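Working notes, beginning with the structure itself.
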Amino acid sequence: MAVTAPAFETIAPPAASARKRRYTEDQVPLGKVLVRMLAGFIVLAIFVLPYVIMFFGSVKTKAQIRSVDPTYLPTEWHWENYINMWSTPETPLPQNLISTIIISVFATLIVLLVAMPAAYYTARFTFPFRMVFLFLVIVTQMLQPAVLTSGLFRQFLAFDMIDTWAAMIFINAAFNLSFAVWIMHSFFAGIPKEVDEAAQIDGAGRLRVLFTISLPLVWPGIVTAIVFTFVACWNEFAASLVILSTAGNQPLSVALTKFVGQYETSWQYVFGVSIVAIVPVVILFMIIEKRLVGGLTAGSVK
């Protein structure tokens with residue numbers, strides 16, 4: 001008796017041509033892709049062109065910049081401008097950079113330390129006039145240091161804090177606190193309360209719930225608050241011009257004006273300082289971008 005091997009039914013894989021055809025049908029037409037790329041390059045050029053012009057101006061001489069027949073590209077590249085601007089008699093630029101970093105970093109830290117528990121409380125607890133409080137928080141964002149400089153000067157003069165970093169740290173923190181609270185409040189409110197209740201059932205207190213459960217979930221909101229607060233502190237000008245009188249205590253935004261004189265302007269140094277002032281903000285965005293993706297991933301897992 002002959003024994004035959006059992007016949008196994010095999011399912012043939014779909015034809016490659018069918019897969020390819022189905023793949024190509026889902027693709028965007030090449031014409032639309034080219035139009036979108038062209039539009040993207042145009043938008044990129046519009047935003048990048050001012051910085052490119054500033055960079056070219058920073059490596060020119062004063063005569064080249066003020067030439068009757070100017071050129072976009074420098075005829076001679078004077079990289080020594082980036083070295084000479086740190087020792088100009090107009091302002092002590094290294095101290096200005098240190099002042100800017102200290103004021104921006106400490107003001108941002110104060111905003112985070114105050115805004116995180118405040119936003120968590122307003123999002124998790126109901127108290128009288130809660131909506132009125134949130135409305136007043138966002139209304140204070142309309143007030144800028146430029147319109148309150150005289151009052152701020154008299155206030156810090158009474159506290160004997162004129163011409164100090166502490167005064168500018170408190171001013172920057174106060175004027176950016178409302179925006180940070182409002183941003184974080186929306187993120188905390190988006191977390192289901194059941195998450196906090198489950199952690200409290202397991203024995204976690206309010207502070208532990210805030211720092212170990214809620215903060216990882218709202219990390220994108222914290223990153224947003226950090227970016228906007230730091231950039232606002234870094235670029236603040238009006239209050240610094242009034243409160244800080246010593247050249248070494250002034251930030252880069254005020255030091256930049258020292259190169260603009262009544263009869264003569266050192267444009268090569270104006271452009272150079274502007275480029276230097278942009279670099280830390282760009283680096284911050286590069287670092288924050290990775291943290292933002294990590295925060296989004298952590299929030300989805302938890």
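Positions are given from 1, in the same order as the sequence printed here. Computed from a predicted structure; not experimentally measured.
Apart from V35 itself, the hydrophobic cluster it occupies contains nothing, where clustering links Ile, Leu, Val, Met, Phe, Trp and Tyr at side-chain heavy-atom distances under 4.5 Å. Taking Ile, Leu, Val, Met, Phe, Trp and Tyr as hydrophobic and joining them when side-chain heavy atoms fall under 4.5 Å apart, one finds L49 in a cluster with I53, Y72. Side-chain contacts under 4.5 Å among hydrophobic residues (ILVMFWY), followed directly or transitively, place V68 with no other residue at all. Think of L113 as one node in a network of Ile, Leu, Val, Met, Phe, Trp and Tyr side chains linked at under 4.5 Å; it has no links at all.
For N249, the side chain to side chain donor-acceptor pair (under 3.5 Å) criterion is met by D163, not counting sequence neighbours. Residues satisfying the side chain to side chain donor-acceptor pair (under 3.5 Å) criterion with Y82, sequence neighbours excluded, are S58. Among residues two or more places apart in sequence or in another chain, the side-chain contact (heavy atoms from CB on, under 4.5 Å) test is passed with L97 by W86, I101, W234, L252. Scanning for side-chain contact (heavy atoms from CB on, under 4.5 Å) contacts around F187 gives I183, V218, P220, with sequence neighbours left out. Applying the salt bridge (Lys or Arg N to Asp or Glu O under 4.0 Å) criterion to E80, with sequence neighbours excluded, gives no partner residue.
For the residue pair H78 and T61, no side-chain donor N or O sits within less than 3.5 Å of a side-chain acceptor on the partner.
Other residues, nucleotides and ligands contribute over 12 non-hydrogen atoms within 6.0 Å of the CZ atom of F55. Residue-environment remark: CZ (F106) stays at or below the threshold of 12 foreign heavy atoms within 6.0 Å.
A side chain to side chain donor-acceptor pair (under 3.5 Å) check over residues 101-120, counting only residues at least two apart or in different chains, returns the pairs Y120-D196, Y120-R206. Applying the side chain to side chain donor-acceptor pair (under 3.5 Å) test to residues at least two apart or on different chains, none of the pairs has a partner in residues 267-276. Note on residues 264-274: pairs passing salt bridge (charged side-chain N to carboxylate O under 4.0 Å, His left out), not counting sequence neighbours, are K62-E264.
At least one side-chain heavy atom of Q64 sits less than 4.5 Å from a side-chain heavy atom of P74.
Annotation: the span from F237 atom CZ to T257 atom OG1 amounts to 5.0 Å, rounded to 0.5 Å.
R124 places no side-chain N or O within donor-acceptor distance of the main-chain N or O of A119, the cut-off being under 3.5 Å.
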